[in-house]
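Everything numeric here is computed off the predicted structure, so don't read it as measured data. The chains referred to below are lettered A, B, ... by the order of the sequence lines, with proteins before strands, and numbering in each begins at 1.
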Amino acid sequence: MFNFSFKTQRYLILFGFLTIPVLLSLTFSYYPAISLLYYSLTDWTGLGWEMNFIGLDNYKEIFTKPEVFGALKNNLYYFIGGLVQVALSLYFAVILTGKLRGRNGFRAMLFIPYVLHSVATVIMFKNLYHMEYGSLNVLLGSIGLESWQQSWLGNKHLVNFSLAFISMWKYMGLNMVIFIGALQSIPSDLYEAASIDGANSRQKFRFITLPSIRKVMELMLILTLTGALEAFDIPYVMLLGANDTSTFVIKTVDTAFKYQNFGLASAMAVVLLIMVLIFIVIQRKLLFREER
Amino acid sequence: MEKRFAVTLVLALTVVLTAACGGNNEGNNNAGTATNSTGNNATASNDAGATNAGATDSDAPSDLSGTIKVLTQRTDYVNDGTFDKYAAAFKEKYPNAKVEFEGLTNYATDIQVRLTTGEAGDVLMIPAGLATSEYSKYFEPLPDEWFDNVYFADNTLSDGKRYGLSTGVNTQGIVYNKKAFAAAGIDKVPTTLDELYADAAKLKAANITPLYMNYGAQWPMGNWGDGSAWYLTGDPQFATKQVSEEAPFQVDNAWGTLATIGRTFVEKGYVEKDLYTNNWEMSKGEVASGKAAMYFLGNWVIPQIIGAGAASEDIGFFPLPYDNSGKYNAPLGSDYFVAVSKDSKNKELAKAWVEFYVKESGYVEDSGFMPIDKSAKSSIPQLAEFQALNPTLIESEATDPKYNEIANKAQIGIGTGDYVQEYILADDLKAAFDKLNKKWKDAKTALGY
C-alpha cells in the first residue's frame, strides 16, 4: 500500500508505538515532577494560583530546622522491620519451594495480607492493639500473662515497633512471592550436581541459592529502604502522627495540607527523592561493587 | 536501573502528595460541624422548620427560574433525604427553580481544590482557612438587610461588603448523660472546678468513664487549647493579640488553665483508658448508653448522641467550670458561613436559596444549632438548660490572618489538636509550653511580624 523504505517503516512503527506511552508518562509523571520542582521554589499555599518565586528559601528552611530530619529516626523502625521482613520472607520462600504438603495454601495465606488495603489492615490492627478490648491483650490476659499486657500504641518505646510490625506483616507476602519466583528459576541440576558432590542443604543454600538470587536480594534491599523512607499510610491512619510516630512523609503531607505550605512540602518531597537516589547509589556502588 | 527508579519515585512522590489531598482531614470536618449521621433527630424537629417558615414573611410564589447546585459538607443530609425536603419546600416558593446538592465528604480540603479550579457550584460554604481579603475573588456580596440583628454579621465583612451568612450558632461546654450522673449519685451539675473533679471521682468509682476525651481522634483535643482559650479570657481578640506576643503559651494564662484541667483528668484516670486509638464513633454510643458520662465538645454533638441511641431528655449540657469562681464564659461560634459563588449563572436564585436555607428551611434547628437571629430563643432543651446557667456568652470575631500565618509557619496546627495532644501528655507542661513558645517566636521572626 505505502511505498516506504524499510528505514521509514521502522521509524513509523517505532514512533507509532511510542507516542502514547511517552505522552502518558509526560502527562502523569514528568509534568507533575517538574511542577513539583517548580513549586518547591515558591511560597504556594495550595489555594488559588498565586505564588511568589522565592528561590532556595524552602530548602534552607528544611536544612536549618532540626525537627524535619528528626522524623527520619521514625523511618528507621520501618527499615529495621523491613530487614527482618526480608529475612523472614526468604525463610518462608525456601520452605515453600521445597516439597511440602499444602504449600500453595500456605503461600496464599502468607500473601493475602498484601492484597488487603492498608486502611483495612490498620482497622484490623486497631482492634488487635486496643488496650481494653484488643484481642492481643485479651489473649495475654486469658493465658495468664497479664504482666505482658501493654498499651501497644501508648507506650512511647513500643509504639513504633507496633506500627513497623504491621508494615512487616503486610509486605512480607509480596517479598516471599518474589523470592519464590527467583528460587524457581534456579536450574535444579545445579542442586543435583551439588548433592552428588556431597553438599548438605546448608551448603547448597549458601553456595547455590544465595548467589543465584543476589539480583533479587539487591532489589529487595532497595525496596526495603525506599519503602521505609516512604512509610506513611499505616502510621497516618493509625495515629495521625501522634505520640512521636510522624515519619518524613507524614511531616510532608501535614506541611502541605495542614499547615498550608505547599512550597515547603514540595521541597521536602524533592529532598526525599534525592535522599532515596543517594541511598541507591551508595548501595549499588559500595555493597555490590565487585560485580563491575 | 537507577533511572527507572528515579522515574518511579518521582511518580510515587507526586501521587503521595496529590492522593493525600483526599485523606487528610477525616477528623477535622467533624470538629466544626456535625458531618456525621444525626439520625432520627432530622425527622423529629421537622415541625420546628415548618413553624419557622410560617413566622417569616411568606410571599407569593416567585418566578425566579433555573437550576442551582449547592455544595455542602452535610453528606448525611444529602443521603437521608433531609435536603430533598428543604428543596421541596423551596420549590413551593419558587416553582420554576431546581436545586441540586452535592455532598463533599472531606469538605474542608476538597473545597479548596474546587475553588482553585472554578468548580464551586452556585452555593457553597466558605472554607475556614480562607482569608477574608480573598472573599471578593470567589463570592458574591450579599444584601446588607439580611444581617440586621444576626449573629456574626461582620465576620465575612471585607471592603464594606458581606459575603457569607452564618448557618448556625454553636457553643461549647460539657455534654453529659443524666442517667450516668444519677447512677454515680450526682444530683446537680457541677458549678465549680472542684465540684467537677469530685463528680468525676464519683463517676470513676461507679465504674463509668467520667469524660470521653477522644484523645486518639486528635481534633477534639483542640478544645483543650485554641478552641477554648480565647473565651476563657473573655476577649474575642485573644488570638489577634497573640500575634504581637513572643511567648503566648504560659502555665498561668488561659492556655495553662485549660491544659491543667485536661492533664488532671488524664492523670487521675478520669478519661478513656486507651487514649491512642481513635474511638470517635464508638464513644458516641458509650455516652449515649451511659458507660461514659461527659464530653467536652460543642452543642453540635448533642443530635449525634441522640442519633446513637440516647433519649433527648437524658442528655444535658452545661458550661465548663474552668475555675472556682462560679461565673463562667461560654463561646458563641459560627458554623460554616454559606455564600454564593461568583461564577454562578443564577445569582438571584442562589441568593434566594441562601436566605431560605438559613432562615426558613429548619436546617439550623435540625442540626442542633442556636438560631442566628439574636432575638430568637432556641427550642432545643439542652441549649435552654445551658442558657439557664447564665454563662457570659462571648461572640467570636474574625481573627487577624497573621495569627494563622504564624501558626502555620510554626507548624502549630490550630484547630487540629495535634500540638494539644503533645502537651496534655507531656511530662512537664512548662517545658512543653516553652517548646511551643520557641516555635512561635521563630515563626514570628521569620515572617517579620
Side-chain angles (χ1 to χ4, degrees), chain A residues 25 28-30 32-33 35-36 45-49 61 65 67 119 126-127 129-134 151-154 159 219 222 226 230 232-233 236-244 249 251-262 264-266 269-270 272-273 276-277 280-281 284, chain B residues 1-2 5-21 23-28 109 112-113 115-116 127 129-131 134 137-138 215-219 221 272-279 282 404-405 407-413 416-418 421-422 425 439 442 446:
Chain A
S25 67
F28 294 111
S29 53
Y30 289 94
S35 317
L36 184 75
T45 57
L47 180 68
W49 291 112
E61 187 169 345
K65 261 193 183 170
E67 59 255 49
V119 176
K126 244 179 208 179
N127 296 330
Y129 285 148
H130 194 282
M131 204 177 123
E132 280 173 273
Y133 318 110
S151 166
W152 300 103
L153 299 174
V159 58
L219 173 75
I222 292 173
T226 54
E230 288 163 15
F232 165 69
D233 44 1
Y236 196 76
V237 178
M238 188 67 112
L239 288 168
L240 293 164
N243 202 14
D244 199 18
V249 179
K251 275 252 191 292
T252 309
V253 169
D254 278 352
T255 304
F257 297 100
K258 203 192 250 178
Y259 308 122
Q260 294 183 352
N261 195 342
F262 252 76
L264 182 62
S266 304
V270 172
L272 178 63
L273 170 67
V276 170
L277 289 179
I280 291 174
V281 170
R284 290 181 60 89
Chain B
M1 191 85 175
E2 274 146 65
F5 268 111
V7 174
T8 353
L9 275 164
V10 171
L11 184 62
L13 286 177
T14 37
V15 166
V16 162
L17 265 184
T18 38
C21 190
N24 191 26
N25 253 24
E26 197 198 342
N28 265 348
T109 45
Q112 303 207 356
V113 180
L115 280 173
T116 305
L130 194 65
E134 302 270 295
K137 281 188 213 154
Y138 302 106
Y215 183 97
Q218 199 172 73
W219 57 264
M221 299 307 292
E272 69 268 20
K273 279 206 191 84
D274 187 340
L275 285 174
Y276 284 98
T277 315
N278 180 352
N279 291 322
M282 199 179 86
N404 283 318
E405 276 177 46
N408 279 339
K409 183 84 179 171
Q411 308 220 327
I412 294 171
T416 68
D418 56 356
Q421 267 187 329
E422 270 173 45
L425 283 197
K439 275 192 185 177
D442 289 351

Trace of the side-chain contact (heavy atoms from CB on, under 4.5 Å) decision for A:Leu240 with B:Asp418: CA-CA 9 Å; A:Leu240 293 164; B:Asp418 56 356; over 6 Å; no
Chi angles and distances behind the salt bridge (charged side-chain N to carboxylate O under 4.0 Å, His left out) call for B:Asp442, A:Lys65: CA-CA 11 Å; B:Asp442 289 351; A:Lys65 261 193 183 170; over 6 Å; no
Stepwise side-chain contact (heavy atoms from CB on, under 4.5 Å) check, B:Lys409 with A:Glu61: CA-CA 11 Å; B:Lys409 183 84 179 171; A:Glu61 187 169 345; 3.1 Å; yes
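Looking at heavy atoms from C-beta onward, A:Glu67 lies in side-chain contact with B:Lys439 at the 4.5 angstrom threshold. Taking 4.5 Å as the limit, every side-chain heavy atom of B:Asn278 sits out of range of all side-chain heavy atoms of A:Met238. Side-chain contact between A:His130 and B:Asn279 is present, with at least one heavy-atom pair separated by less than 4.5 Å. Side chains of B:Asn408 and A:Asn261 form no contact here, defined as non-hydrogen atoms less than 4.5 Å apart.
Among all heavy-atom pairs drawn from B:Met282 and A:Tyr133, the shortest one is CE-CE1, 3.7 Å.
With a 4.5 Å cut-off on non-hydrogen atoms, B:Met221 does not touch chain A at all. The part of B:Gln421 that comes within reach of chain A is its side chain, from C-beta onward, which places non-hydrogen atoms under 4.5 angstrom from that chain. Residue A:Thr255 touches chain B through both its backbone and its side chain, counting heavy-atom pairs closer than 4.5 Å. Residue contact with chain B, scored on non-hydrogen atoms closer than 4.5 Å, involves the backbone of A:Tyr129 exclusively. Using a 4.5 Å cut-off between heavy atoms, B:Leu425 makes no contact with chain A at all.
Rounded to the nearest 0.5 Å, atoms CD (B:Glu134) and OG1 (A:Thr45) are 7.5 Å apart. B:Gln218 CD to A:Leu239 CG: the interatomic distance, rounded to the nearest 0.5 Å, is 9.5 Å. Rounded to the nearest 0.5 Å, atoms NZ (B:Lys273) and CE (A:Met131) are 7.5 Å apart. Taking CD of B:Gln411 as the start and NZ of A:Lys258 as the end, the distance is 9.5 Å to the nearest 0.5 Å.
The 12-atom threshold is exceeded at NZ of B:Lys137, counting heavy atoms of other residues, nucleotides or ligands nearer than 6.0 Å.
Taking B:Tyr215 as the reference, B:Tyr276 meet the ring-ring contact (aromatic ring centres under 6.0 Å, His included) condition, with sequence neighbours excluded. By the side chain to side chain donor-acceptor pair (under 3.5 Å) test, B:Gln112 is found to be paired with no residue, residues two or more places apart in sequence or in another chain being considered.
Of the listed residues (B:Asn404, B:Leu275, B:Thr277, B:Thr116), the greatest number of heavy-atom pairs within a distance under 4.5 Å of chain A belongs to B:Thr116. Top candidate by heavy-atom pairs under 4.5 Å with chain B, chosen from A:Ala242, A:Gly154, A:Ser35, is A:Gly154.
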